[in-house]
Each structure stands twice: as structure tokens, then as C-alpha cells.
Amino acid sequence: MLCFHGYGMHGRQFTLLEESLGQQYTFYGFDLFFHKQTVLQNTELEHVKNGISKADLAQLFVDFCREQGIERFSLLSYSMGSFYAATLAEKIPEKIECYITAAPSNLKPGRIITFLSANKIGNKLLERLALSDKAMIRLLELLKKGKIIDKKAHEILFREIATPELRFSFFACATYLRFLKTDLPLFIRQLNKHDIPSIFIFGKRDKSYPASIGKGTIPKIEHAKQVLLDENHDLVKQNFAQTLTNLLS
């Protein structure tokens with residue numbers, strides 16, 4: 001099972017599944033681009049702005065699987081990681097046994113993320129904010145004062161942009177998502193054409209990516225299950241592990 005974590009996390013996010021599913025699966029967790037130990041050979045700004053194509057991303061994992069002797073695999077993703085998993089579903093569906101995703105932000109990223117990643121003006125604005133020492137921090141303060149975000153959200157976001165390195169990573173991640181935007185019609189066709197069982201997991205109290213974002217996509221997928229957990233966006237916990245174990249055992 002190839003595992004793709006959420007923003008600000010790392011490749012070991014799903015280790016809690018090993019106790020109950022370790023006999024059934026070998027888990028491979030990857031630090032995604034601009035996270036932990038995954039560092040580009042060229043980190044110059046202009047190179048980062050070029051992003052990565054879906055074909056190149058898929059080829060990276062084809063090569064990895066060839067080296068590991070993996071013929072077919074399942075996919076597990078959470079939040080931002082869903083963009084990566086969906087790319088593999090689009091490009092190499094013939095290799096996928098099962099597709100599992102939690103809080104799948106790729107189904108409907110939201111206006112802010114779309115503006116900052118897919119919109120050229122928005123991405124340029126984010127670049128200027130990220131490369132400034134104080135602009136992004138001041139913006140967060142304004143969002144809190146204007147009650148656009150609450151205190152808890154402010155604390156979480158501040159931790160993600162507290163240093164120049166973190167601000168650059170935030171910009172780089174958003175930029176890469178522009179190139180990995182899910183082609184939903186193709187995504188649906190590939191899952192159906194290759195009869196891939198799919199599980200979509202949502203948190204009942206997740207205000208960022210509620211279950212409603214899947215209503216235009218999940219019913220069109222023939223072998224899809226939708227699961228609602230009594231969790232918020234931070235749902236990769238023991239309840240998640242137990243539920244997934246019950247579904248896969």
C-alpha cells in the first residue's frame with residue numbers, strides 16, 4: 001500500500017495501521033515534495049515554479065515499484081496527499097488494487113487553495129507573500145481580526161509559516177498542486193474502467209473538506225463506498241484505523 005500524507009505531515013502518518021493490517025499489507029509511506037527528507041536536487045525558485053507533470057510523477061512511482069518488485073498496489077491518501085494518489089489513478093490505474101482516501105481535498109480544493117495554486121495572479125501573490133519576512137504573518141493576523149479564521153485555525157496556520165523555510169515550502173506545495181489538479185471525469189472513468197474498489201472517508205465535523213464535496217463524484221464511481229467518521233479534519237486516528245481495518249479485513 002502506497003501512502004500519501006497530508007500537508008505538514010510526513011511519510012509515517014499511517015504507521016498506526018501496521019498493528020492491525022501489517023499482516024495483510026506492506027505500507028510504503030513517502031515524504032511528499034517539500035516535506036521532511038524529500039528535497040529537490042534543484043531548489044531554485046524558478047525551477048520550483050515549473051512544478052512537476054502528472055506523467056513524471058507517475059513515472060517516479062512506476063520506477064519505485066519496479067525496484068521494489070511491486071506489480072500492483074493499493075493507494076491510501078489523506079487531504080493534500082489525495083492529489084498525488086488521484087494522479088496515479090489517472091495515469092496508471094491498471095496497477096491499482098484498491099483506492100482509499102480520507103478528507104480528499106482534490107475533489108474540491110476550495111476557493112482559497114485554488115486561487116493560490118491554480119490562478120496565476122493568486123500564485124504570484126502567494127510567491128510575494130511567502131518570500132516576505134512579515135507579509136504572510138500580518139495577513140494571518142488580519143484574517144483572525146476579521147474573524148475569517150478563528151484562533152485555533154490561526155495557531156495551526158502560524159506554525160506552518162513561522163520560518164522562511166516553512167513559508168517557502170507552503171508556496172512550493174501550493175504551486176505543485178497546480179500541476180496535479182485532478183481531472184475528475186478522467187479519474188471517474190479510470191476507476192470504473194479498471195473496476196477499482198474505492199473507499200472515501202470523511203470526518204463528520206470536518207469543516208474544511210466535508211462529505212458534501214464528494215456528492216458530484218462518488219455516486220458516479222461504480223465500486224465506491226463512502227464512510228463518515230465522528231471526527232474533524234484531523235481524522236487519521238485510532239477510530240480511522242479500526243474502521244479501515246474492518247473494511248479491509
Joint cluster assignment, F170 & I52, ILVMFWY side-chain distance < 4.5 Å
yes

Minimal heavy-atom distance between T245 and S20, with the atoms involved, is OG1-OG, 2.7 Å

Sidechain-backbone polar pair: N192 side chain, E222 backbone, donor-acceptor under 3.5 Å
yes

Do side-chain atoms of D234 reach the backbone of D206 as a donor and acceptor pair under 3.5 angstrom?
no

Just wondering, more than 12 heavy atoms not from K108 lying within 6.0 Å of its NZ?
no

How long is the gap from CD on Q190 to CG on L88, to the nearest 0.5 Å?
12.0 Å

Should Y209 and Y78 be counted in the same cluster of Ile, Leu, Val, Met, Phe, Trp and Tyr side chains packed under 4.5 Å apart?
no

Tell me whether M80 shares a hydrophobic cluster with M1, the cluster being built from Ile, Leu, Val, Met, Phe, Trp, Tyr side chains joined at under 4.5 Å.
no

I'd like to know if the side chain of S105 and the backbone of S79 have a donor-acceptor N/O pair within less than 3.5 Å.
yes

Indicate yes or no for a side-chain donor-acceptor contact from S132 to the backbone of R128 under 3.5 Å, with no hydrogens or angles considered.
no

Is there a donor-acceptor contact under 3.5 Å from the side chain of Q13 to the main chain of G6?
yes

Return yes when atom NZ of K181 has more than 12 non-hydrogen atoms of other residues, nucleotides or ligands closer than 6.0 Å, and no otherwise.
no

If you measure from OG1 on T101 to CD1 on I218, what distance do you get to the nearest 0.5 Å?
9.0 Å

Judged by modelled atom types alone, do S82 and S77 share a side-chain donor-acceptor pair under 3.5 Å?
no

Nearest heavy-atom neighbours spanning L228 and A211
CD1-CB, 4.1 Å

Report whether L75 and Y84 are members of the same hydrophobic cluster (ILVMFWY, side-chain heavy atoms less than 4.5 Å apart, transitive linking).
yes

How about H35 and S169: does a side-chain donor come under 3.5 Å of a side-chain acceptor?
no

Same apolar cluster: L16 and I100, side chain cutoff 4.5 Å
yes

Quick test of your reading of the model: are K124 and E127 salt-bridged, counting only N-O distances below 4.0 Å?
yes

Are the aromatic ring centres of F64 and F30 under 6.0 angstrom apart?
yes

Verify, without hydrogens or angle tests, whether E90 (side chain) and D183 (backbone) share a donor-acceptor contact under 3.5 angstrom.
yes

More than 12 heavy atoms of other groups within 6.0 Å of K215 NZ:
no

Walk me through it: do L45 and F168 pass the test side-chain contact (heavy atoms from CB on, under 4.5 Å)?
CA-CA 9 Å; L45 178 62; F168 181 80; 3.9 Å; yes

From CA spacing to verdict: side-chain contact (heavy atoms from CB on, under 4.5 Å), F27, L2
CA-CA 6 Å; F27 292 94; L2 309 187; over 6 Å; no

Could you check whether E94 pairs with R72 (Lys NZ or Arg NE/NH1/NH2 to Asp/Glu carboxylate O, under 4.0 Å)?
no

Within a radius of less than 6.0 Å around CD of Q68, do more than 12 heavy atoms belonging to other residues, nucleotides or ligands occur?
yes

Return yes if some donor-acceptor pair links the side-chain N/O of T38 with the main-chain N/O of F33 below 3.5 Å, else return no.
no

Are the aromatic rings of F73 and F61 close, with centres under 6.0 Å apart?
no

Between E71 and K95, is the closest basic N to carboxylate O distance under 4.0 Å?
no

Q24 side chain to L248 main-chain N or O, any donor-acceptor pair under 3.5 Å?
yes

T182-N106 side chain donor-acceptor pair, cut-off 3.5 Å:
yes

Answer yes or no: is there a donor N or O on one side and an acceptor on the other, between the side chain of N42 and the main chain of H47, under 3.5 Å?
no

Under a 3.5 Å cutoff, is there a donor and acceptor pairing between the side chains of Q242 and N246?
yes

Under 3.5 Å: donor-acceptor pair, side chain of H194, backbone of I196
no

D230: partners by salt bridge (Lys or Arg N to Asp or Glu O under 4.0 Å), with sequence neighbours left out
R205

Parallel, tilted or perpendicular for F240 and F14, by the 30°/60° rule?
tilted

One pair to check against side chain to side chain donor-acceptor pair (under 3.5 Å): Q59 and D63. What are the steps and the verdict?
CA-CA 6 Å; Q59 190 60 51; D63 293 342; 2.8 Å; yes

